[in-house]
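A short write-up of the structure that comes next.
Keep in mind the model is a prediction, meaning the values are calculated, not measured. If you read the sequence from its start, that first residue is 1, and numbering goes on from there.
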Amino acid sequence: MKQELIALWAGRGLSLIFVLFMLGASVAPKLLGLPVAEETLTALGWPPGYSTMIGIIELTCVVLYLVPRTSLLGAILMTGLLGGAIATQLRAQSPLFSHVLFSFYIAAFMWGGLWLRMPAIRAALPLLR
């Protein structure tokens, strides 16, 4: 029982870090129309005008992740989005550990949080037998 409670709160902590990072560093600049969002996407080869739509998709995934009944769906959709970010960074020939794999690091927090706070996920994806 105590281990379950520790896992739950550790999972909530990881999930909170993921959510706050996504909202503050990715979603907000795009939805607020900050020039840095458009400039970053343009530098990666995206045509102008995509930042708002990407921000809406990110926000949708984060909201789905926050709702317990839809958190698995949110994580799956966000994984697809982060995979696209990895592909974009690869195509732009960005540095591996700081740029290409950054989305992987974010996904590790997201999935780690979900794994720790949901016993069903731990049962489906056991790290230890």
[X] and [Y]: which non-hydrogen atoms are nearest, and at how many Å?
X      : Y      : answer
Ala75  : Leu114 : CB-CD2, 3.7 Å
Leu64  : Thr70  : O-OG1, 2.8 Å
Gly55  : Leu31  : C-CD2, 3.8 Å
Ser103 : Ile86  : CB-CG1, 3.6 Å
Val100 : Ser94  : CG2-O, 3.5 Å
Ser51  : Ala37  : CB-CB, 4.3 Å

With side chains defined as the heavy atoms from C-beta onward, is the minimum distance between [X] and [Y] less than 4.5 Å?
X      : Y      : result
Met118 : Ser71  : yes
Leu127 : Trp115 : yes
Ile6   : Leu116 : no
Met78  : Phe18  : yes
Tyr105 : Phe97  : yes
Gln89  : Leu96  : no
Trp9   : Leu14  : no

Verify the cluster assignment for [X] and [Y]: are they in a single hydrophobic cluster under the rule of side-chain heavy atoms below 4.5 Å apart?
X      : Y     : result
Val36  : Leu41 : no
Phe21  : Leu23 : yes
Met110 : Leu66 : yes
Leu16  : Met22 : no
Tyr65  : Val63 : yes

Atom pair [atom1] ([X]) and [atom2] ([Y]), whose distance is rounded to the nearest 0.5 Å:
X     : Y      : atom1 : atom2 : answer
Thr40 : Trp46  : OG1   : CH2   : 13.5 Å
Leu82 : Thr88  : CG    : OG1   : 11.0 Å
Leu72 : Ile121 : CG    : CD1   : 4.5 Å
Leu8  : Ser15  : CG    : OG    : 9.5 Å
Leu44 : Gln93  : CG    : CD    : 12.0 Å

- Query: Tell me the salt bridge (charged side-chain N to carboxylate O under 4.0 Å, His left out) pairs involving residues 54-80, sequence neighbours left out?
  - Reply: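 Output for this query lists Lys30-Glu58.
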- Is the count of non-hydrogen atoms from other residues, nucleotides or ligands lying under 6.0 Å from Phe104 atom CZ greater than 12?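 No - once you tally the heavy atoms of other residues, nucleotides and ligands closer than 6.0 Å, there are 12 at most.
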- Query: Would you find more than 12 non-hydrogen atoms of other residues, nucleotides or ligands less than 6.0 Å from Phe109 atom CZ?
  - Reply: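 No, CZ of Phe109 has 12 or fewer neighbouring heavy atoms, counting only those of other groups under 6.0 Å.
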- Task: With sequence neighbours excluded, tell me which residues meet salt bridge (Lys or Arg N to Asp or Glu O under 4.0 Å) with Arg117.
- Result: none
